[in-house]
Amino acid sequence: MRLNRDFYSANALKLAPRLIGKKLVRIIGGKKLTARIVETEAYYGPEDKACHAYRNRRTKRTEVMYYPGGYSYVYLIYGMYCCLNIVCGPPESPQAVLIRAVEPLNNIDVFMKNRKGNAAKLQMANLTNGPGKLCQAMNIDHKLNGLDLIKNTDLYILNGNSPPKLVSAPRVNINYAQEYCNKLWRWYDPESIFVSVKKKNKCTQNYKPSIT
DNA sequence: AGCAGGATCCGCT
DNA sequence: GCGGATCCTGCTT
């Protein structure tokens with residue numbers, strides 16, 4: 001079952017932990033690549049200094065963040081890598097969840113072929129343990145920006161089980177975000193070897209999802 | 001029209 | 001641990 005609009009309409013702080021364990025699906029070249037989401041980060045709209053839509057910044061690039069929950073937001077970073085985000089919350093509320101790491105579940109040979117360089121071959125985890133790496137491995141680029149994941153046939157997310165444990169930690173590489181760089185807005189499955197940054201610091205803690 | 005900087009990764013030390 | 005690759009975005013002029 002695909003996730004529905006209701007699921008994606010939660011705010012980023014709620015959706016990010018809930019996406020752990022869900023299955024990202026990418027259809028490419030007649031093959032279906034499936035991967036379990038193991039690490040996410042929330043970008044919490046106009047108040048969040050690390051968010052592209054901080055202070056309601058609205059440009060050609062950030063426009064999709066104002067779409068209803070459930071659309072894709074893919075952008076280029078450092079001139080060479082793409083990052084996949086899931087737009088969330090109600091329409092006109094520019095929030096998103098960055099998919100930072102996944103675990104390939106099938107067609108591993110295709111993931112491997114899509115990754116460039118030798119590092120990917122050295123160890124399995126290197127295939128998809130980072131936002132740029134997973135986009136490369138699953139052939140996700142700017143052409144997949146602004147898609148409705150509820151209807152689209154090339155990229156979507158299926159339901160899946162939450163892991164037994166979940167950890168929250170500070171987000172990665174947002175040092176410019178001042179007081180927001182210490183928010184525990186990154187979540188990951190501590191049992192997965194595909195998590196990009198597992199180093200614990202004083203902020204890292206176990207996360208208990210709330211019912212509401 | 002020009003410029004500074006970035007939600008990253010890789011290879012080398 | 002470090003620096004280079006590489007180019008789009010957004011802001012300034």
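Letters go in sequence order (proteins before strands), and every chain restarts at 1.
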So side chain to side chain donor-acceptor pair (under 3.5 Å) across residues 19-28 of chain A, not counting sequence neighbours, yields none

Quiz item: For atom C1', what is the distance between B:dG5 and C:dG3, given to the nearest Å?
Solution: 16 Å

message = Taking A:K183's backbone N and O only, do any of them form a donor-acceptor pair with A:R171's side chain (distance below 3.5 Å, no angle check)?
response = no

Task: Any donor-acceptor N/O pair, A:N85 side chain to A:Y73 backbone, under 3.5 Å - done: yes

Atom CD of A:E41 and atom C1' of B:dT8 are separated, to the nearest Å, by 12 Å

Can you tell me if the side-chain N/O atoms of A:N173 get under 4.0 Å from OP1 or OP2 in B:dA7? no

Separation of B:dA7 atom P from A:N145 atom CG, nearest Å, is 16 Å

Each nucleotide of nucleotides 6-13 of chain C classed B (base within 4.0 Å of a protein heavy atom), S (only sugar-phosphate) or -, in 5' to 3' order, makes BBSSSS--

Applying salt bridge (charged side-chain N to carboxylate O under 4.0 Å, His left out) to A:R61 and not counting sequence neighbours gives none

Members sharing A:L105's hydrophobic cluster, built from side-chain contacts under 4.5 Å between Ile, Leu, Val, Met, Phe, Trp and Tyr, are none

**Prompt:** Would you say A:R115 reaches B:dC10's phosphate, i.e. side-chain N/O to OP1/OP2 under 4.0 Å?
**Reply:** yes

According to a strict under-4.0 Å criterion, is A:Y75 in side-chain N/O contact with OP1 or OP2 of B:dG6?
-> no

Whole-Å distance, A:I86 CD1 to B:dA7 C1', equals 14 Å

query: So, A:R58 and A:E92, do they make that salt bridge, N to O below 4.0 Å?
result: yes

Neighbour count above 12 (heavy atom, 6.0 Å) for A:D109 CG:
yes

So, with a heavy-atom separation below 4.0 Å from DNA chain B, the residues of residues 92-102 of chain A are A:L98, A:R100

Quick one: which protein N/O atoms are closer than 3.5 Å to N/O atoms of nucleotides 1-3 of chain C? Pair and distance per line, please.
none

Whole-Å distance, A:Y54 OH to B:dG6 C1', equals 17 Å

Residues passing the salt bridge (charged side-chain N to carboxylate O under 4.0 Å, His left out) test with A:E47, sequence neighbours excluded, are none

Closest heavy-atom pair, A:N159 versus A:L3, reported as atoms and distance to 0.1 Å, is CA-CD2, 3.9 Å

Separation of B:dT8 atom P from A:D141 atom CG, nearest Å, is 18 Å

Contacts of A:K113 meeting salt bridge (charged side-chain N to carboxylate O under 4.0 Å, His left out) (sequence neighbours excluded), chain-then-number -> none

From NE2 of A:H52 across to C1' of B:dG6 the rounded distance in Å is 8 Å

To the nearest angstrom, the CG-P distance between A:N85 and B:dT8 comes to 11 Å

Sequence neighbours excluded, the answer for ring pair (Phe, Tyr, Trp, His ring centres under 6.0 Å) partners of A:W185 is A:Y44, A:Y180

Residue pairs meeting side chain to side chain donor-acceptor pair (under 3.5 Å), one or both in residues 147-157 of chain A, sequence neighbours left out, come to A:R5-A:D148

When rounded to whole Å, the CD to P distance for the pair A:Q136 and B:dC9 reads 9 Å

Residues passing the ring pair (Phe, Tyr, Trp, His ring centres under 6.0 Å) test with A:Y71, sequence neighbours excluded, are A:Y67

Minimal heavy-atom distance between A:V87 and A:M65, with the atoms involved, is CG1-O, 3.7 Å

Pairing string of DNA chain B (Watson-Crick or G-U wobble, both atom distances under 3.5 Å; | = paired to other strand) is ||||||.|||||.

